[in-house]
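These values consider heavy atoms only, across backbone and side chains, with no hydrogens, waters or symmetry-generated copies. Lettering follows sequence order; numbering is per chain, from 1.
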Number of protein chains: 2
Amino acid sequence: MSLRFALLGLLSDQSMSGYDLTKRFEQSMGNVWPARHSQIYPELNKLNKEGLIEIVAEGPRGRKEYRATEDGRAAVHHWLTEIPTEWSIRSEPMLRSFFLWMLSPEEARTYLRDYRTWFQQRLDGYNEIKQYWTPETEGEKASRVVLEAGVYQAEAAIAWANWALEQYGDTRDSDA
Amino acid sequence: MSLRFALLGLLSDQSMSGYDLTKRFEQSMGNVWPARHSQIYPELNKLNKEGLIEIVAEGPRGRKEYRATEDGRAAVHHWLTEIPTEWSIRSEPMLRSFFLWMLSPEEARTYLRDYRTWFQQRLDGYNEIKQYWTPETEGEKASRVVLEAGVYQAEAAIAWANWALEQYGDTRDSDA
DNA sequence: AAGGACATGTAAAGTGTTACATGATTGT
DNA sequence: ACAATCATGTAACACTTTACATGTCCTT
């Protein structure tokens, strides 16, 4: 169900095509809710048939630009306020960490350094965006708040990786 | 693919039945990779047929206790060292946060307070476990390291929620 | 004129959830 | 005896990924 509300929410803020939405998922949105174009396009057609979104413009190459209807925005509001949040998350990096005991200490440290590096790059990317991006729409202002969550999470992930590296016998601070 | 390695990893540390594994997922493992018994039992039968796990004991009510074979442990090692990690995660709470601009400030604050409360309860639970649980097997020692990741992340989530509450006009520190 | 980006779609396979289904054992 | 827990399984449906499929427009 979440994908449809993700699309409705994005189309409540700005009108966009499926192609634009796909890029959005590849960039920011996919960090918390991945989706491919093969899932997005059929869902848009469903939402359109249900009257939750409407076509506001057509462009070259069959491009269709959608925006959420009043019903669509109401559906997002209902979801946010009445439908209980699914709190549990799915994280393969953390799943893998449960099994670090099956690796040699050196292999485990390699994993933890990769983990740290990945989040460090995220963090660098987020800070870059913070520096050069000025949110304009209401949706972008909220995205800016979520971006900050990414910063907090990445910093926590890096701090944990450093702590875990000590547990796995890392004394140096290589690749920090 | 991840579920099979989660099961193989758990059964590399301790022999367990599908029922035991299901409880494991309801407790610790499900925090990072949820799974129900209806997914676990068929996967165990597949792993058994493939020779990656074997039955070590049978008990009352058709209980079957499994453990990973040498091949099974090798499969986990291969996964951890050779198969690239899927870094992106799936988090409905963060997805919802993208759309807080569609709520009234008071509704947004309610969501953020619920968010903070949920992570605070997680954190309390984690600290409780840290206090009374002494890891014994190698797998449990690694789980202890992952538990610490939960602590870091919950603390970061709470810190972010407090920051976000300020953005959404919260001055008091209610429900902290 | 050619390559890359734009643009949309479907089909098949794989993964995950909910609901259905059954029965044995243990503790009170 | 009854209730709770233990214990396993399947079926239908929903969601997600990968692969297939097609064609247009823009820039150099």
Side-chain angles (χ1 to χ4, degrees), chain A residues 1-8 10-11 15-27 29-50 53 55-66 79 83-92 95, chain B residues 1-8 10-11 15-27 29-50 53 55-66 79 83-92 95:
Chain A
M1 284 283 65
S2 295
L3 175 65
R4 73 168 19 212
F5 296 114
L7 296 173
L8 282 172
L10 288 168
L11 294 174
S15 64
M16 267 184 281
S17 69
Y19 189 83
D20 297 335
L21 286 160
T22 300
K23 280 192 299 185
R24 264 306 180 87
F25 275 85
E26 281 165 9
Q27 297 156 14
M29 198 61 91
N31 289 326
V32 302
W33 200 269
R36 311 297 175 84
H37 83 274
S38 60
Q39 202 181 357
I40 291 168
Y41 286 116
E43 190 66 35
L44 287 172
N45 285 323
K46 265 178 75 179
L47 290 167
N48 188 32
K49 275 191 200 102
E50 292 172 38
I53 60 175
I55 295 171
V56 288
E58 307 210 14
R61 282 156 298 204
R63 176 189 171 90
K64 285 174 284 181
E65 215 167 307
Y66 299 96
W79 173 61
I83 310 294
T85 302
E86 173 61 66
W87 293 103
S88 76
I89 63 154
R90 209 174 272 281
S91 164
E92 196 190 287
L95 175 63
Chain B
M1 283 283 63
S2 294
L3 175 65
R4 74 167 19 210
F5 296 113
L7 296 172
L8 281 172
L10 289 167
L11 293 174
S15 64
M16 269 186 279
S17 68
Y19 189 83
D20 297 334
L21 286 160
T22 300
K23 280 192 300 182
R24 263 307 180 87
F25 275 85
E26 282 165 7
Q27 298 155 14
M29 197 62 89
N31 289 327
V32 301
W33 200 269
R36 311 295 174 87
H37 84 274
S38 60
Q39 202 182 358
I40 291 168
Y41 286 115
E43 190 65 35
L44 286 172
N45 285 324
K46 265 178 77 180
L47 290 168
N48 188 33
K49 274 188 201 103
E50 293 172 37
I53 60 175
I55 295 171
V56 288
E58 306 209 14
R61 282 157 300 209
R63 175 188 172 89
K64 286 174 285 184
E65 215 166 309
Y66 299 95
W79 173 62
I83 310 294
T85 302
E86 174 61 66
W87 293 103
S88 75
I89 63 155
R90 208 174 272 282
S91 164
E92 197 191 286
L95 175 64

On DNA chain D, check which nucleotide each of P42(B) and K23(B) is closest to and give me the residue with the more 5' one. K23(B)
For Y66(B) and N45(B) the tightest heavy-atom approach is OH-OD1, 3.7 Å
Residues S88(B) and P34(A): closest non-hydrogen pair is OG-CG, 3.8 Å
Within less than 4.0 Å of OP1 or OP2 of dG9(C), is there a side-chain N or O belonging to K64(A)? yes
Taking N or O atoms only and anything under 3.5 Å, show me the protein contacts with nucleotides 24-28 of chain D, one pair per line.
| from | atom 1 | to | atom 2 | distance (Å) |
| --- | --- | --- | --- | --- |
| dC25(D) | O4' | R61(A) | NH1 | 3.4 |

Output all residues satisfying ring-ring contact (aromatic ring centres under 6.0 Å, His included) with Y41(B), sequence neighbours left out; order by chain, then residue number. H37(B)
Quick one: list whatever passes side chain to side chain contact (heavy atoms under 4.5 Å, CB included) with K23(A), sequence neighbours left out. Y19(A), D20(A), E26(A), Q27(A)
Distance in angstrom units between E43(B) CD and dG14(C) C1', rounded: 11 Å
Spacing of L21(A) atom CG relative to dT8(C) atom C1', expressed in whole Å: 13 Å
Please report, rounded to the nearest Å, how far the C1' atom of dC15(D) is from the CG atom of L3(B). 16 Å
Residue list, side chain to side chain donor-acceptor pair (under 3.5 Å) with S15(B), at least two apart or on another chain: E65(B)
Sequence neighbours left out, what passes side chain to side chain donor-acceptor pair (under 3.5 Å) with R90(B)? Give chain and number order. none
Write down the distance between CD (E86(B)) and P (dG14(C)), rounded to a whole number of angstrom. 18 Å
How many Å lie between CG on L7(A) and P on dT16(D), as a whole number? 11 Å
From L95(B) CG over to N31(A) CG, what is the distance, rounded to the nearest 0.5 angstrom? 12.0 Å
Atom-pair distance (CD1 on I40(A); C1' on dG9(C)), nearest Å: 13 Å
With axes from five pairs an end, tell me the bend angle of the helix from dA1(C)-dT28(D) to dT28(C)-dA1(D), nearest 10°. 30°
Could you measure the distance from the OG1 atom of T22(B) to the CD atom of Q39(B)? Nearest 0.5 Å is fine. 10.5 Å
Could I get the full list of salt bridge (charged side-chain N to carboxylate O under 4.0 Å, His left out) partners for R24(B), not counting sequence neighbours? none
Return the value, rounded to whole Å, for the distance between atom OH of Y19(B) and atom C1' of dA4(D). 9 Å
So does K46(A) get a side-chain nitrogen or oxygen closer than 4.0 Å to the phosphate oxygens (OP1/OP2) of dG9(C)? no
Residue set satisfying side chain to side chain contact (heavy atoms under 4.5 Å, CB included) with S91(B), at least two apart, ordered chain then number -> I89(A), I89(B), P93(B), M94(B)
Are any of Y41(B)'s side-chain N or O atoms less than 4.0 Å away from OP1 or OP2 of dG9(D)? no
Protein-nucleic acid N or O pairs under 3.5 Å, nucleotides 17-19 of chain C:
| from | atom 1 | to | atom 2 | distance (Å) |
| --- | --- | --- | --- | --- |
| dT17(C) | OP1 | R90(A) | NH2 | 3.2 |
| dT18(C) | OP2 | R36(B) | NH1 | 2.8 |
| dT18(C) | OP2 | R36(B) | NH2 | 3.0 |
| dT18(C) | O4 | S38(B) | OG | 2.5 |

Nearest heavy atoms of G18(A) and L44(A), plus distance in Å: CA-CD1, 3.5 Å
note: N45(B), atom CG; dT10(D), atom P; distance rounded to Å ~ 7 Å
Excluding sequence neighbours, so at least two apart, what forms side chain to side chain contact (heavy atoms under 4.5 Å, CB included) with E92(B)? S2(A), W33(A), W79(A), T85(A), E86(A), R96(B)
